[in-house]
Amino acid sequence: MTRRTVLGRRGSSRRAAAVPASDGRTAPAEAVGVALAPLLRRRVADVALVMVAGAVDLAFWSGDQKMAGGATLPLWVVPAAAIALCATLLLRHRFPLGVWVVVWLYTTVNLVVPGYFPVAYLLVAVYTAASSVPASTARLIFVASALPLGFFSYRTTQSTPSQARVVDFIAVAATWAIILSIAWGLGRLANLREQHARAERERIAAEAEKALAAQRLRLAHELHDSVTGAVAGMILHAGAARALAGGGDQRVRQALEVIEQAGAQAMTELHSMLGLLRSTDPDGTVPARLADVERLLESARSAGLDVRVDVTGTARPLPPEADLAAYRIVQESLTNVTKHAGRGATVELGIAWDKRVLDLTVRSFGGCAPPAAAAALSTGNGLRGLRERLDALGGELISRPDNDGWYLHATLPAAASIEVS
């Protein structure tokens, strides 16, 4: 085990977001800004489209205040209604059908104010609804939207001479039909493009899942053929050596028995890992938990360590990720003491439960020097892996030399849910 400090801080990923990348790549904060830029542009374009629709309808109105019964409409009513309808149209992407219904009902204002034809609002709502609803509903929207446009055409031709009224009505109605068909058709085209894009995303996701499953299965085969076979051989050879030792040195028999127990435990975890790799439902495999730590302590005591445990607070269920991380912290700590301090070392394990966090403290001291081959087994990846686990969970890990031993303190979130940063 490399004697150096490994320190992780809760929320370090959030602070890193403000630091520019040194290799020229986009920093996390800048990446968020780049991702939000298209959304902002679409929002601005959406607001501009609604404002243009409102301006067009007000221009068609041209301030006519005459009502159907001969009364005069206050000048502020139509502009106020236009502002309210513009605000409603801004919600059309969230409620496309509901907004279209509101706009369609608003077109009946022409019954009260014959000179007001709110057409632009209707066309915008038709486009959005047609792009968002199934084909059958979209066809009903097209037919229903044609009704107020036909009525507007009738109103428009009332001022023309009676002999040309039919021809004018057909011309005006045909014009509105073409415009409505364009708006509705563009909406259906957008709907089809979205369906194709969604199908493509689903296809890519399915292919990625299939490739990942194949990679997991390949990894499971390699793990079974190499590591599992080696561990099984170790267990068998240790058992045979213990049987041949007979009435020899009791310490040799105890050491061989510890090897067998550690090998059996490793084999159990390897089988669990193989099941996880082969399974299409990872949740079906039960991971190690802090409640299973007693077997680690017994194995460490069998290896000659003096393990003392101090538990404070009331234990309670942890989230699965935190539960597994707590187990691995204790496992890695005991393994490191066995490798670097050897038999006779004292290990003090502190487990402190709080309302929001779980604190694990491991101190070791004493012990005889282990064989050089044991220390050579250390790769330095154990503590690094623990730090990565806790960083992902929003926890904290401190590890450092402590006089003639080692000190490790870990803080894990004990809430019901864990925010992955």
Side-chain angles (χ1 to χ4, degrees), residues 1-9 249-263 265-266 269 288-313 315 322-354 357-391 395-412:
M1 178 174 60
T2 306
R3 298 291 176 121
R4 64 185 182 88
T5 300
V6 181
L7 179 61
R9 284 288 182 264
D249 193 338
Q250 183 65 23
R251 292 176 298 176
V252 175
R253 292 177 57 83
Q254 289 178 349
L256 292 172
E257 185 177 357
V258 169
I259 293 174
E260 283 188 87
Q261 293 175 353
Q265 179 182 339
E269 295 202 11
R289 303 178 303 139
L290 183 61
D292 304 326
V293 78
E294 187 60 35
R295 63 183 182 182
L296 295 177
L297 304 181
E298 290 301 324
S299 178
R301 293 185 180 109
S302 300
L305 301 182
D306 179 16
V307 182
R308 306 168 186 175
V309 183
D310 179 30
V311 181
T312 59
D323 215 356
L324 177 59
Y327 179 88
R328 295 303 184 198
I329 289 168
V330 177
Q331 183 183 45
E332 179 67 18
S333 298
L334 294 176
T335 300
N336 287 340
V337 174
T338 302
K339 287 191 297 185
H340 296 281
R343 299 179 64 86
T346 299
V347 180
E348 296 178 346
L349 171 61
I351 304 176
W353 295 90
D354 198 357
V357 298
L358 169 65
D359 287 319
L360 295 176
T361 304
V362 182
R363 285 189 173 88
S364 66
F365 51 88
C368 59
L377 295 174
S378 178
T379 62
N381 290 324
L383 288 177
R384 188 180 301 113
L386 293 181
R387 179 196 174 209
E388 291 169 353
R389 282 179 183 268
L390 293 185
D391 280 348
E396 181 181 52
L397 176 68
I398 299 175
S399 177
R400 64 170 182 263
D402 185 28
N403 296 327
D404 62 339
W406 194 259
Y407 169 84
L408 182 144
H409 177 79
T411 301
L412 297 92

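Keep in mind that the numbers below use all heavy atoms, side chains included, and drop hydrogens, waters and symmetry copies. Quick note: residue numbers are just sequence positions, from 1.
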Would you please name every residue forming a side chain to side chain donor-acceptor pair (under 3.5 Å) with [X], sequence neighbours left out?
X    : result
R363 : none
T335 : none
D359 : T411

Which atom names give the shortest non-hydrogen contact between [X] and [Y], and what distance separates them?
X    : Y    : result
L390 : A410 : CD1-CB, 3.9 Å
A300 : V307 : CB-CG2, 3.9 Å
L358 : A326 : CD2-CB, 4.2 Å
A322 : L412 : O-CD2, 3.4 Å

- Item | Steps toward side-chain contact (heavy atoms from CB on, under 4.5 Å) verdict (E348, D310) | CA-CA 8 Å; E348 296 178 346; D310 179 30; over 6 Å; no
Under 3.5 Å, side chain of [X] to main-chain N/O of [Y], donor-acceptor pair present?
X    : Y    : value
T346 : D306 : no
D292 : R289 : yes
S333 : I329 : yes

- Message: Going by side chain to side chain contact (heavy atoms under 4.5 Å, CB included), L408 matches just one of L383, L349, I398, L360. Which one?
- Response: L383
- Given side chains that start at C-beta, do those of Y407 and S399 come closer than 4.5 Å, heavy atoms only? no
With sequence neighbours excluded, residues passing side chain to side chain contact (heavy atoms under 4.5 Å, CB included) with [X]:
X    : value
A315 : W353
A345 : L305, V337, A341
D354 : V357

- Task: Check salt bridge (charged side-chain N to carboxylate O under 4.0 Å, His left out) between R389 and all other residues, then give those that pass, not counting sequence neighbours.
- Result: none
- Item | For R301, salt bridge (charged side-chain N to carboxylate O under 4.0 Å, His left out) partners two or more places apart | E294, E298
- Message: Walk me through whether V362 and V330 qualify under side-chain contact (heavy atoms from CB on, under 4.5 Å).
- Response: CA-CA 8 Å; V362 182; V330 177; 5.6 Å; no
- Item | Gap between atom CZ of R384 and atom CD of E332 - 0.5 Å precision | 11.0 Å
- Task: Starting at CG of L397, measure out to CG of D391 and round the result to the nearest 0.5 Å.
- Result: 8.5 Å
